[in-house]
Trainee: 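I am attaching a structure below and will ask some questions about it afterwards.
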Amino acid sequence: DGDTLVNLRAQLQGDSLKKQLSAVHELLALGQEGLEVLTAILVERKAEPPTILDGKIFQVLYATEQSELRGVLAQHWPQGRLEMPSAQGVDYGPLQELLIQQDFEEADRLTLAKLCELAGPTAVKRKWVYFTEVEQFPVTDLQTIDHLWRVYSEGKFGFSVQRRLWLSLGQNWDKFWPRIAWKDDNIWTRYPGGFIWDLSAPDGHLPLSNQLRGVRMMSSLLTHPAWNEGA
Ligand code: UYC
């Protein structure tokens, strides 16, 4: 009834992310009335910097496949809820699109491709990046990629999430791999079938960095100035 809608609306505007996300799901379950509240909130928040809540609402409205809702989204945000600044003219639009669709497997592949694009034509041809190239990545671009992953994964995925975990484990790779489910019982998780391509994965599970050539690339990624305080 009306009370429920008012309460859920209030819950969306509260401080707890967990409660915000559960309100989104409850509103979704209420059908058309709930969708209207979600749309109104998203539009109301348009001038604010996008948060995980905005990403979630955008995803659930998009997922309804209702043309009217898709129309509202496209009209306000033709490229998705997040801006995607790049210091190198790299287009992250297709990445945002895959993340909105929660196609985390394709988004992961595209992320690796975008890192190659960022490193230049030699890396695009090679199909992987050297750690020395990662060191030269612009702060802006890594922050854009990370922001896209975090906002569209309930804060679960992204390089900065991996960095936080890795630091909390004293930068110990042996402790880090099983924590993000890249290793189990000392056996590497097999690409792609062994990985978990949805939000049931542990924090930091995605994006992937192939360890075939050692940890230096990932180490450069996790120690990049992009993650420094105030960067
Ligand atoms: N793969 O095992 N991986 C590939 C991961 C390793 C291997 C791609 C991640 C261990 C081979 C991605 C893990 C290993 C290829 C990842 C993992 C190994 C390949 C596609 C857990 C053997 C074929 C992008 C750490 C023991 C490609 C890419 C090639 C591909 C990711 C083997 C994203 C996170 C040490 C043979 N693996 N990879 O980079 O280059 O090709 O031959 O990490």
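Everything numeric in this text was worked out from a predicted model, so none of it was measured. Both ligands and their constituent atoms are indexed starting at 1 by order of listing.
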Trainee: How about atom 23 (C) of ligand 1: does it have a protein heavy atom within less than 4.0 Å?
Mentor: no
Trainee: For ligand 1, is there an N or O atom under 3.5 Å from any N or O atom of K127?
Mentor: no
Trainee: In ligand 1, which numbered atoms sit nearer than 4.0 Å to a non-hydrogen atom of S209?
Mentor: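 Those qualifying, in numeric order: 34 (C).
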Trainee: Which residue holds the protein heavy atom closest to atom 35 (C) of ligand 1, what is that atom called, and what is the gap in Å?
Mentor: W188 NE1, 3.6 Å
Trainee: Can an N or O of R190 be found at a distance shorter than 3.5 Å from an N or O of ligand 1?
Mentor: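 For ligand 1, there is no N or O atom that lies under 3.5 Å from one belonging to R190.
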Trainee: Of the listed options (W173, W128, F195, W182), which comes nearest to atom 9 (C) of ligand 1 when hydrogens are ignored and any heavy atom counts?
Mentor: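 Nearest option to atom 9 (C) of ligand 1, by heavy atoms: F195.
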Trainee: Would you indicate which of T189, L112, T111 comes nearest to atom 17 (C) of ligand 1 when only heavy atoms are counted?
Mentor: T189
Trainee: Would you mind writing out the side-chain donor-acceptor pairs for residues 170-183 within the sub-3.5 Å range, not counting sequence neighbours?
Mentor:
unit_1 : atom_1 : unit_2 : atom_2 : d
N172   : OD1    : D174   : N      : 2.9
N172   : OD1    : K175   : N      : 3.0
W182   : NE1    : H205   : O      : 2.8

Trainee: What I want to check is whether the side chains of T51 and R45 have a donor and an acceptor closer together than 3.5 Å.
Mentor: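 Distance-only check passes for T51 and R45.
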Trainee: Does ligand 1 have any atom sitting under 4.0 Å from a heavy atom of W177?
Mentor: no
Trainee: State which residues pass side-chain hydrogen bond (donor to acceptor under 3.5 Å, both in side chains) with R9; sequence neighbours excluded, sorted by chain then number.
Mentor: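 R9: side-chain hydrogen bond (donor to acceptor under 3.5 Å, both in side chains) contacts with E44.
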Trainee: Would R213 count as a contact of ligand 1 if the rule is a heavy atom under 4.0 Å away?
Mentor: yes
